[in-house]
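In each ligand, atom 1 is the first atom listed, and ligand 1 is the first ligand listed. All of these numbers come straight from a predicted model, not from anything done at the bench.
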Amino acid sequence: MQPAIPLSGPDLTEDDIRAVADVLRSGRLSLGPALGRFERRFAELTGREHAVGVNSGTSGLHLCVRALGIGEGDEVITTPFSFVASTNCILFEGARPVFVDIDPETYNLDPGLIDSAVTPRTKAILAVEVFGNCAGFDEYERIARRHGLALIEDSCEALGGRLDGRPAGSFGQCSVFGFYPNKQITTGEGGIVLTDDPQLASLCRSMRNQGRSDEGGWLDHVRLGYNYRLSEISAVLGERQLARLDEIVARRREVAEAYHALLADVEDVRLPPQGDPAWASWFVYVVRLADRYGRADRDALLASLRRRGIGCRAYFPPIHLLPHIRARCHTGEGEFPHAERLADRTVALPFFNGLGAGHVAEVVDALKASLCELP
Ligand SMILES: *Cc1c(COP(=O)(O)O)cnc(C)c1O
């Protein structure tokens, strides 16, 4: 059953819908002009030389790993507290994810723990802007440079965010955004790779399109490739959504601030890390329960919120404890205590552009009432 106040929802205008209908009427549904326009706009926005649109954030991450030549026998340092795709893309190529614990203040990879995880097999750092927070990326760049490693920025949650004025999507060798309907902007399904490296861009372009080359014909496949193309239907929707990015980021900031204000004096609930509020781009609104609660309490709280018609979720289960990761990487409980302690206590509350002040108040009231039911 759909909750009365859902966890997330896309922000689509009549203009967006008209633009999609126009593409459908044009008859040109793939590899057309909208894709190029969307890519150019994205490159401008992030200050990157090249942009390659793809059919999901996961596809984009996979292409980055592969284009950087990362494969069997290589290690990639990454975070256990993220959406699973940031680890899966390493496994797709047979490389080994090496997890490093998070900074409990930012929820991002702890820069202070990276050096000691580097080995002669390390090829890259794959870091994630968790919940849209860019904290740490300047340090990851310095660390990567010092060790001669590539930095892959999984910026899928951070569109519109900045760190000291630098936009998300501008860090490291390559960056990836995703456009699933719960992200800041959506294309239904979609993603994009950004880089300044012409060779990396050209490899990603070829591999998203069945290994075709720019010069060759439709059936000249010069390397192993995939079908990771972004359709014109998606690209035009992305173009329309991107035109409203400033408005969307500002609106999400308003919703986050409404939550901050009402939650500030709720005992037992810690607000999400913000970084610099003027440069934050909010993906989700995730609160953390006090340490005296455990996973069972949190799960009871989620159930109670749902009974009250409030959409909610435990973002994220630690990646190193997922069954397929345990089996492949021989990871287990207790290895990354900050990530585990956080993961047991998170509650993602309803968060989207259209969430009004009245709904925010309703969610906070339900949260308070649910907290009272805990032992
Ligand atoms: C959304 C997301 C992705 C990409 O997801 P897709 O559904 O494949 O577009 C990758 N990494 C993180 C951290 C994400 O939140």
Exercise. Sub-3.5 Å donor-acceptor pair from the side chain of T346 to the main-chain atoms of Y315, do we have one?
Worked result: yes
Identify all pairs of nitrogen or oxygen atoms, one from ligand 1 and one from the protein, separated by less than 3.5 Å, and list them with distances.
| residue | atom | partner | partner atom | Å |
| --- | --- | --- | --- | --- |
| ligand 1 | 8 (O) | G57 | N | 3.4 |
| ligand 1 | 8 (O) | T58 | N | 2.9 |
| ligand 1 | 8 (O) | T58 | OG1 | 2.4 |
| ligand 1 | 9 (O) | G57 | N | 2.8 |
| ligand 1 | 11 (N) | D154 | OD1 | 3.4 |
| ligand 1 | 11 (N) | D154 | OD2 | 2.8 |
| ligand 1 | 15 (O) | E157 | OE2 | 2.6 |
| ligand 1 | 15 (O) | K183 | NZ | 2.8 |

Exercise. Can you list the residues that meet the salt bridge (Lys or Arg N to Asp or Glu O under 4.0 Å) rule with R240, with sequence neighbours excluded?
Worked result: none
Exercise. Is the F351 ring parallel, tilted or perpendicular to the W282 ring (thresholds 30°, 60°)?
Worked result: tilted
Exercise. Sequence neighbours excluded, which residues qualify as side chain to side chain donor-acceptor pair (under 3.5 Å) partners of E153?
Worked result: S175
Exercise. Are the side chain of E157 and the backbone N or O of F283 linked by a donor-acceptor pair below 3.5 Å?
Worked result: no
Seminar exercise, completed: The side-chain contact (heavy atoms from CB on, under 4.5 Å) partners of N227 (sequence neighbours excluded) come to Q210, R229
